[in-house]
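To find a chain, count down the sequence lines: A is the first, B the second, and so on, and within it residues start at 1. No experiment lies behind these values; they were computed from the predicted model shown. Reckoned from all heavy atoms, side chains included, excluding hydrogens, waters and symmetry mates.
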Amino acid sequence: MAYWLMKSEPDVFGIDDLERVRVEPWEGVRNYQARNMMRDEMQEGDLAFFYHSNCKVPGVVGIMRIARSGYPDEAAWDPEHKYYDPKSPADNPRWYRVDVAFEQKFERVIPLADLKQAPELADMPLVRRGNRLSIMPVSEAEWDFILSMLEEA
DNA sequence: GCCAACGTTGGC
DNA sequence: GCCAACGTTGGC
């Protein structure tokens with residue numbers, strides 16, 4: 001089983017939204033690196049940190065589970081849709097999504113500022129300057145370390 | 001709201 | 001195939 005981290009803006013879709021709907025297609029990813037991970041690597045049963053970006057306190061806010069591995073992002077086919085992409089025809093889909101299921105909302109946010117301070121996490125794309133990758137793999141050691149940060153004051 | 005960093009587009 | 005211009009991301 002693999003671990004991941006997935007970013008979303010809470011104003012658009014946050015952990016509370018996921019808790020309410022329980023399962024949600026993670027649509028609208030329009031970056032090839034992230035696409036490849038969803039299409040080729042994410043497996044049902046994998047766990048992912050839910051990360052809030054572009055908000056007052058960016059950070060890790062909970063855990064979700066991959067409920068369905070990669071399949072074409074149908075939003076790309078709908079001209080009315082925000083995520084429509086005419087270059088992604090139905091017979092040759094360019095964009096993919098996975099379904100995610102709510103697992104857990106943390107008692108508190110683990111702020112990006114704290115993640116940046118931990119030498120154990122220095123290799124994560126998340127803490128590297130200028131990195132905009134919205135989906136990234138997390139090693140088991142990084143996963144465990146981030147969870148351990150919850151215990152701290 | 002600002003702006004640095006990055007990915008994508010499109011002219012050539 | 002290069003690279004400047006542009007749009008987007010996302011922290012601050």
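When the C1' atom of C/dC12 is taken as reference, atom CG of A/Leu112 falls 11 Å away, rounded to whole Å. Atom CD in A/Glu9 sits about 12 Å away from atom P in C/dT8, given to the nearest Å. Per the geometry, CZ belonging to A/Arg128 stands 11 Å off P belonging to B/dC6, to the nearest Å. Atom CZ of A/Arg30 and atom P of B/dT8 are 13 Å apart (whole Å). As a whole-Å value, the separation of A/His52 NE2 from C/dG11 P is 12 Å. With rounding to whole Å, A/Leu133 atom CG is found 16 Å from B/dT8 atom C1'. Rounding to whole angstrom units, CG of residue A/Asn131 and C1' of B/dA4 are separated by 14 Å. One can place CG of A/Asp11 at 13 Å from P of C/dG11, the figure rounded to the nearest angstrom.
Each of B/dA4, C/dG7, C/dG11 was ranked by its minimum atom distance to the side chain of A/Arg129; first place goes to B/dA4. Distance from the side chain of A/Pro58 is smallest to C/dG11 among B/dA5, C/dG11, C/dG10. Here the side chain of A/Asn31 is nearest to one of C/dG11, B/dA5, B/dG7, namely B/dG7.
By the 4.5 Å heavy-atom criterion applied to side chains, A/Asp73 and A/Val29 are not counted as neighbours.
Within 4.0 Å of A/Lys116, counting heavy atoms only, lie sugar-phosphate atoms of the nucleic acid but no base atom.
Applying the salt bridge (Lys or Arg N to Asp or Glu O under 4.0 Å) test to every pair with at least one member in residues 3-14 of chain A, sequence neighbours left out, gives no pairs at all.
Using a 4.0 Å cut-off, some side-chain N or O of A/Tyr51 falls inside it from OP1 or OP2 of C/dG11. Contact annotation: A/Lys7 does not reach the phosphate of C/dT9 (side-chain N/O to OP1 or OP2, under 4.0 Å).
Taking 4.0 Å as the cut-off between side-chain N and carboxylate O, A/Glu103 and A/Arg65 count as a salt-bridged pair.
Residue whose closest nucleotide on DNA chain B sits further toward the 5' end, between A/Asn54 and A/Arg132: A/Asn54.
Aromatic pair A/Phe50/A/Trp26: ring centres closer than 6.0 Å.
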Original post:
Yes or no on side-chain hydrogen bond (donor to acceptor under 3.5 Å, both in side chains) for A/Arg39 and A/Tyr71, after CA distance, side-chain angles and deciding distance?
Top reply: CA-CA 7 Å; A/Arg39 189 188 59 187; A/Tyr71 63 103; over 6 Å; no
